[in-house]
Amino acid sequence: MISAIAWVPKGAAKAEPIVAELPSKEEIEEMIKSGALDRSEDNGDNGSEDEDEDMVAETEKQTGDVAQALAVADALGKTSKNKSGTQLEDLTDGLKELDMDNYDEEDDGIELFSKGLGDLYYPSNEMDPFLKDQDDDDSEEVEDMTIRPMDSVIVCARTEDDVSHLEVWIYEDLDEGDSNMYVHHDVIISAFPLCTAWLDCPIRGGEKGNFVAVGSMEPSIEIWDLDIIDEVQPCLVLGGTVEKKTKKRKKKPKYKDGSHTGAVLGLAWNKEYRNILASASADKQVKIWDVAAGKCNITMEHHEGKVQAVAWNHHVPQVLLSGSFDRSVVMKDGRVPTHSGFKWSVIAEVECLAWDPHTEYSFVVSLEDGTIRGYDIRAAKSDPSSESKPSFTLHAHDKAACTLSYNPAAPNLLATGSMDKMVKLWDLSNNQPSCVASKNPKAGAVFSISFSQDNPFCLAIGGSKGKLGVWDTLTETAVSGKFGNYSQQPNRPKA
């Protein structure tokens, strides 16, 4: 499945990403010790101590050099998960096949010094067909890995067969008006991803960076450098446990200072204060992190249930919304976190929420019962006992409305996605929503949608089938007729 999607602004990615260096022996040992390379699920006390002792005994039988080589290869995922004895047998069989004892003996009838291709001479590499072909292959590979300034980049968090990874996709508009999509590279991550947020805070120096924060079933937040290929560990981890839990004894985990103690369900990057990241967690807390310092600055506990989503106001960047399973939405000012803020009660668990990018006082929230509610903060009541009524209530979907996205260019254009497998486009003008287009993108249950900032009518879609899709919404007659004047794209890609 695809559980989360984030667009990377055009020009933010390096034209030629760097290939990560292989970790040293010390780094591998540290990763093994910390459990960073353990992809398996922690199933409690499964497995017996006798089996563990047998495995230790088998390992001790191996010679020092072979054991070290197999351990390093195993850590990098380069060897099979067969038992050590089988690995040694394979190694022995390979040596027998080479027959190194008879290496110097010549076979009868074999002419060692022939008059064949070895005598051919080419004045330059360009004339040598073998070297020329290799040069062509190299240039094609470099071209495939190059990210052009006009290319759009999409990061999606994907899980397949219990393996989770981040896929970096290239979405390119071709000269003929067509489009092309392909995976540029991917990153293996150690836990099931639940949310992502792109950020450009210069964690590794310079003026800007190209990073994605990932929240997962673990209490930590991993931040990955998208300009590095074949990276094996994040460049920064916010929170998390001090030591890995063992299977033999279920210890109470010890958490780092300021860490969440439950799964991270929502993330929001502050575009104005670029070092600030907000997180929502199953531990009922909302945290504000200083990414540059790598620490939690503020912890807020104003919800009684799991906090599912957070969002910063586009116009007043100190104002933060949070939505919870306790059927409430709370607005707080990060400058006065001790203030109780303003609260709105809703009729079902909150799935997603978003500020309207075109006004500073409107937001929408999607709920588990499939409804969408819009609110105007100017009508908020300071008295907690007084309930603020919504600007509108929209019965959008037959099942949970998991995700929504405002169009960044066209005011009042909102996209919603649901467990009912549908994606719908709504005109919210005058607080009287009307559906202008709907589509079953064949993505299964829809978990994440997002309009692009650079191609504002391109909507990325991900769901339970694990297939990334991009819907050019301007191909819909009702959308182009109503909102087409907000498009500044002269050559639109085909649907």
Can you give each donor-acceptor pair under 3.5 Å made by side-chain atoms of residues 431-446, sequence neighbours left out, with the distance rounded to 0.1 Å?
unit_1, atom_1, unit_2, atom_2, d
N440, OD1, K442, N, 3.0

>> So, applying side chain to side chain contact (heavy atoms under 4.5 Å, CB included) with V291, which one of I221, N270, I276, L199 is it?
In response: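 With V291 as partner, I221, N270, I276, L199 yield a single side chain to side chain contact (heavy atoms under 4.5 Å, CB included), made by L199.
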>> Given I154, which partner from the list V470, I170, V183 fulfils the side chain to side chain contact (heavy atoms under 4.5 Å, CB included) test?
In response: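 Going through V470, I170, V183 one by one, the side chain to side chain contact (heavy atoms under 4.5 Å, CB included) with I154 is satisfied by V470 alone.
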Do [X] and [Y] make a side-chain contact, defined as non-hydrogen atoms from C-beta onward lying under 4.5 Å apart?
| X | Y | answer |
| --- | --- | --- |
| P337 | I298 | yes |
| V242 | Y255 | no |
| L425 | L414 | no |
| L267 | V310 | no |
| H165 | V187 | no |
| L413 | F457 | yes |
| V330 | L321 | no |
| L367 | V365 | yes |

How about [X]: does its [atom1] atom have over 12 heavy atoms from other parts shown lying under 6.0 Å from it?
| X | atom1 | value |
| --- | --- | --- |
| M419 | CE | no |
| K256 | NZ | yes |
| N297 | CG | yes |

>> The test is side-chain contact (heavy atoms from CB on, under 4.5 Å); show your working for L238 and L277 and say whether it passes.
In response: CA-CA 10 Å; L238 302 174; L277 181 74; 4.2 Å; yes
> Got a sec, which pairs hit ring pair (Phe, Tyr, Trp, His ring centres under 6.0 Å) with one end in residues 393-432, sequence neighbours left out?
Replying inline: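 Found none.
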>> Strictly by ring pair (Phe, Tyr, Trp, His ring centres under 6.0 Å), give each pair with a member in residues 269-294 just once, sequence neighbours left out.
In response: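 As it turns out, the ring pair (Phe, Tyr, Trp, His ring centres under 6.0 Å) pairs with a partner in residues 269-294, which skip direct neighbours, are W198-W269.
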> So I461 and L468, side-chain contact (heavy atoms from CB on, under 4.5 Å) or not? Walk me through it.
Replying inline: CA-CA 6 Å; I461 303 167; L468 177 65; over 6 Å; no
Is the side chain of [X] donor-acceptor paired with the backbone N or O of [Y] at a distance under 3.5 Å, no angle test?
| X | Y | value |
| --- | --- | --- |
| K332 | H339 | yes |
| K424 | A396 | yes |
| S450 | I5 | no |
| D186 | L166 | no |
| H303 | F325 | no |
| T475 | D472 | yes |
| T159 | M1 | no |
| D161 | V163 | no |
| N313 | Q318 | no |
| S480 | T477 | yes |

>> Applying side chain to side chain donor-acceptor pair (under 3.5 Å), can you list everything that pairs with D151, at least two apart in sequence or on another chain?
In response: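 Here the qualifying residues are R148.
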> What pairs with H358 under side chain to side chain donor-acceptor pair (under 3.5 Å), at least two apart in sequence or on another chain?
Replying inline: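 H358 satisfies side chain to side chain donor-acceptor pair (under 3.5 Å) with no other residue.
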With sequence neighbours excluded, what pairs up with [X] under the ring pair (Phe, Tyr, Trp, His ring centres under 6.0 Å) test?
| X | result |
| --- | --- |
| W224 | none |
| W355 | F363 |
| F451 | none |
| W312 | none |

So, for [X] and [Y], which heavy atoms are closest and what is the spacing to 0.1 Å?
| X | Y | answer |
| --- | --- | --- |
| C296 | G258 | CB-O, 3.7 Å |
| P149 | K10 | O-CB, 3.6 Å |
| L320 | A311 | CD1-O, 3.4 Å |
| S190 | E222 | OG-OE2, 3.5 Å |
| G374 | V364 | CA-CG1, 4.1 Å |
| A197 | A268 | CB-N, 4.5 Å |

Output the distance between atom [atom1] ([X]) and atom [atom2] ([Y]), rounded to the nearest 0.5 Å.
| X | Y | atom1 | atom2 | result |
| --- | --- | --- | --- | --- |
| T416 | L404 | OG1 | CG | 7.5 Å |
| E218 | T241 | CD | OG1 | 7.0 Å |
| M331 | L353 | CE | CG | 12.5 Å |
| N210 | L226 | CG | CG | 4.5 Å |
| S366 | Q308 | OG | CD | 8.5 Å |
| K389 | R373 | NZ | CZ | 11.0 Å |

> Charged N to carboxylate O below 4.0 Å: is that the case for R158 and E160?
Replying inline: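 Between E160 and R158 there is a salt bridge, with a charged N closer than 4.0 Å to a carboxylate O.
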Going by atom types alone, do [X] and [Y] pair a side-chain donor with an acceptor below 3.5 Å?
| X | Y | answer |
| --- | --- | --- |
| D427 | N412 | no |
| N455 | S152 | yes |
| K287 | S279 | no |
| S322 | H302 | yes |
| D326 | S328 | yes |

> Which pairs with one or both residues in residues 293-321 pass salt bridge (charged side-chain N to carboxylate O under 4.0 Å, His left out), sequence neighbours excluded?
Replying inline: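 As it turns out, there is no salt bridge (charged side-chain N to carboxylate O under 4.0 Å, His left out) pair with a partner in residues 293-321 once direct neighbours are skipped.
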>> Can you list everything that forms a salt bridge (Lys or Arg N to Asp or Glu O under 4.0 Å) with D333? Sequence neighbours excluded, please.
In response: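 D333 satisfies salt bridge (Lys or Arg N to Asp or Glu O under 4.0 Å) with R335 once adjacent residues are dropped.
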> Who are the salt bridge (Lys or Arg N to Asp or Glu O under 4.0 Å) partners of D420, not counting sequence neighbours?
Replying inline: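 With sequence neighbours excluded, D420 shows a salt bridge (Lys or Arg N to Asp or Glu O under 4.0 Å) to no residue whatsoever.
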>> Evaluate I347 against R327 for side-chain contact (heavy atoms from CB on, under 4.5 Å), listing each step before the verdict.
In response: CA-CA 6 Å; I347 58 176; R327 301 188 175 189; 5.7 Å; no
